[in-house]
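Data block below; observations after.
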Amino acid sequence: MKIANLFVAGLALMGITSAANAGTLDDIVKRGELRVAVQTQGPPFSMVDQAGKRTGSSVELAELMAKEMGVKITFLDFDWDGLIPALLSSKADLLVADMTPTLPRAMKVAFTKPFMFTGSTVFSKAGSKFTTLESCKAAGTKIAVLLGATGEKVAKATFPEADIKSYKGGGPLLLDAVNNGQADCGVNDVSAVKGQSAAYPADTFTIMPEVLSKEPLAFATRYDEQDLLIWMNLFLDQVAIDGRLQKNLDYWVNSDAWKKDH
């Protein structure tokens, strides 16, 4: 009896009690719904297509998660800077976007293992004098970036003499700023730039061939959702092994195939 009591006490010290069986996964299954925070408009990872359907690379991966859990899925739309607050306030169970797991962000939320790698690139309006990376480095060049995004940090390091203009919202704001002449160039994730520029007529932008950084992309949960984090990492392992992840990335990220369908 004393040994049993000591064993239970030891488990309690490690945070392992019978209550540990009840966690976020149990809550999701009981409510029958997975609540996912996504970026309002961030193709090819999240967007509303011409038919009015929420879709994209990250959206489809989240739908696969819900299918494996046996629950329905609800997408909650937020601008870029609203994603982490939505997760921390428990409005969402998890966050799926083209988000880099930086150390400052990881002070707030728990990231999964990376599901892919990407990097920041530079773009300008086609026909402008800003045709190369070097031309964008000229003093006073107006560079559009997303507030709080890794591209903002990359732009400040790459273009020290430029006028960095930070925009609050999503990637399409940067494309609009460059297209409307409010900025000379923009810096954002290369996958996002290619995906979001599809909404404009062909040859509207010049996308520089250089990739300014190498960055992992990951999904996120709260630190008090360790059971969900473990499950999500296992999910990413499984879809990588059975080919579903590569199929998703080949369609949405590594090609333009999705554009004709959406």
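Starting from 1, each residue takes its place in the sequence as its number. Side chains included, hydrogens not; waters and symmetry mates left out as well; all remaining heavy atoms used. Everything quoted here is computed from the prediction, not taken from an experiment.
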Taking side chain as C-beta onward, heavy atoms only, is Ile84 less than 4.5 Å from Met99? yes
Does the pair Leu61 and Leu245 meet the rule for a side chain to side chain contact (heavy atoms under 4.5 Å, CB included), with working shown? CA-CA 8 Å; Leu61 288 173; Leu245 177 59; 4.0 Å; yes
Hydrophobic cluster identity match, Ile164 and Val122, side-chain contacts under 4.5 Å: yes
Report yes or no: does Gln196 contribute a side-chain atom to a donor-acceptor pair with the main-chain N or O of Val193 at less than 3.5 Å? no
Distance in Å, Ser197 OG paired with Leu174 CG, rounded so as to fall on 0.5 Å steps: 12.0 Å
Mind checking the CZ-NZ spacing from Arg31 to Lys72? Nearest 0.5 Å is all I need. 10.5 Å
Lys67 side, atom NZ; Glu60 side, atom CD - distance, nearest 0.5 Å: 11.5 Å
Between Ile143 and Asp163, is any pair of side-chain heavy atoms under 4.5 Å apart? no
same_hphob_cluster(Val109, Leu236) at 4.5 Å side-chain heavy-atom cutoff: no
Hey, does the side chain of Thr204 reach the backbone of Tyr200 with a donor-acceptor pair shorter than 3.5 angstrom? no
Short side-chain donor-acceptor distance under 3.5 Å, Ser57 and Asn248: yes
What heavy-atom pair brings Phe123 and Leu175 nearest, and what distance separates the two atoms? CE1-CD2, 3.6 Å
Side chain to side chain contact (heavy atoms under 4.5 Å, CB included) assessment of Asn254 paired with Gln246: CA-CA 10 Å; Asn254 300 329; Gln246 193 60 52; 3.7 Å; yes
Nearest heavy-atom neighbours spanning Lys214 and Phe117: CE-CD2, 4.0 Å
Checking the side chain of Tyr223 only, and the main-chain atoms of Ala106 only, is there a donor and an acceptor separated by less than 3.5 Å? yes
Quick one: does NZ or CZ of Lys125 land under 6.0 Å from the six-membered ring centre of Phe205, within 45 degrees of the ring axis? no
Salt-bridge criterion met for Arg54 and Asp77 (N-O under 4.0 Å): yes
Do Leu95 and Phe78 have side chains that approach each other closer than 4.5 Å (heavy atoms only, starting at C-beta)? no
With Leu34, the side-chain contact (heavy atoms from CB on, under 4.5 Å) member among Val29, Leu25, Asp93: Asp93
Pairwise side-chain contact, Leu133 with Leu212, heavy-atom cut-off 4.5 Å (strictly under): yes
Taking Ser213 for its side chain and Ser120 for its backbone only, find out whether a donor-acceptor pair lies under 3.5 Å. yes
Can you name the nearest heavy-atom pair linking Ala192 to Asp98, along with the distance? CB-OD2, 3.8 Å
Restricting to non-hydrogen atoms, name the atom on Leu83 and the atom on Ala97 that form the minimum distance, rounded to 0.1 Å. CD1-CB, 3.9 Å
Is the backbone N or O of Trp252 less than 3.5 Å from a side-chain atom of Trp258, with the two atoms forming a donor-acceptor pair by type? yes
Distance-only donor-acceptor check, side chains Asp256 and Tyr251, under 3.5 Å: no
Look only at the side chain of Asp227 and the backbone of Thr24, and say whether a donor-acceptor pair between them is shorter than 3.5 Å. yes
Could you give the distance from CG (Leu228) to CZ (Phe235), rounded to the nearest 0.5 Å? 11.5 Å
I'd like to know if the side chain of Asn233 and the backbone of Lys113 have a donor-acceptor N/O pair within less than 3.5 Å. yes
Check Glu152 with Lys165, please: is the shortest side-chain N to carboxylate O separation under 4.0 Å? no
For a quick check under 3.5 Å, do Thr118 and Asp189 share a side-chain donor-acceptor pair by atom type? yes
Does Asp79 reach the main-chain N or O of Gly82 with its side chain, forming a donor-acceptor pair under 3.5 Å? no
One should read off an interatomic distance between Thr132 OG1 and Glu134 CD, to the nearest 0.5 angstrom, of 6.5 Å
Side-chain contact test, heavy atoms from C-beta onward, threshold under 4.5 Å: evaluate it for Phe159 versus Val187 and give yes or no. yes
If I compare all heavy atoms of Ala92 with all of Leu87, which pair ends up nearest, and what's the gap? O-CD1, 3.6 Å
Is atom CG of Asp203 surrounded by more than 12 heavy atoms (other residues, nucleotides or ligands) closer than 6.0 Å? no
Centroid separation Phe219 to Phe115 less than 6.0 Å: yes
Lys168 and Asp81: CA distance, side-chain angles, deciding distance, salt bridge (charged side-chain N to carboxylate O under 4.0 Å, His left out) verdict: CA-CA 7 Å; Lys168 183 177 181 293; Asp81 58 335; 2.9 Å; yes
Does any part of the side chain of Thr141, heavy atoms only, come nearer than 4.5 Å to the side chain of Glu161, both counted from C-beta? no
Audit row: Met232, Met65, side chain to side chain contact (heavy atoms under 4.5 Å, CB included) steps and yes/no: CA-CA 8 Å; Met232 290 171 68; Met65 289 186 203; 4.3 Å; yes
Assess, by modelled atom type and distance only, whether the side chains of Glu33 and Thr74 contain a donor and an acceptor separated by less than 3.5 Å. yes
For atom NZ of Lys259, decide whether the heavy atoms of other residues, nucleotides or ligands shown that lie under 6.0 angstrom number more than 12. yes
Check whether any side-chain N or O of Asn180 sits under 3.5 Å from a backbone N or O of Gln182 as a donor-acceptor pair, and report yes or no. no
Quick one, Thr100 with Leu217, criterion side chain to side chain contact (heavy atoms under 4.5 Å, CB included). Give me CA distance, side-chain angles, the key distance, then yes/no. CA-CA 5 Å; Thr100 302; Leu217 298 184; 3.9 Å; yes
What closest approach, in Å, do Val178 and Ser124 show between heavy atoms, and which atom pair accounts for it? CG1-C, 3.7 Å
Quick check: do His262 and Gln50 have side-chain heavy atoms less than 4.5 Å from each other? no
Do Lys194 side-chain atoms and Ser191 backbone N/O form a donor-acceptor pair below 3.5 Å? no
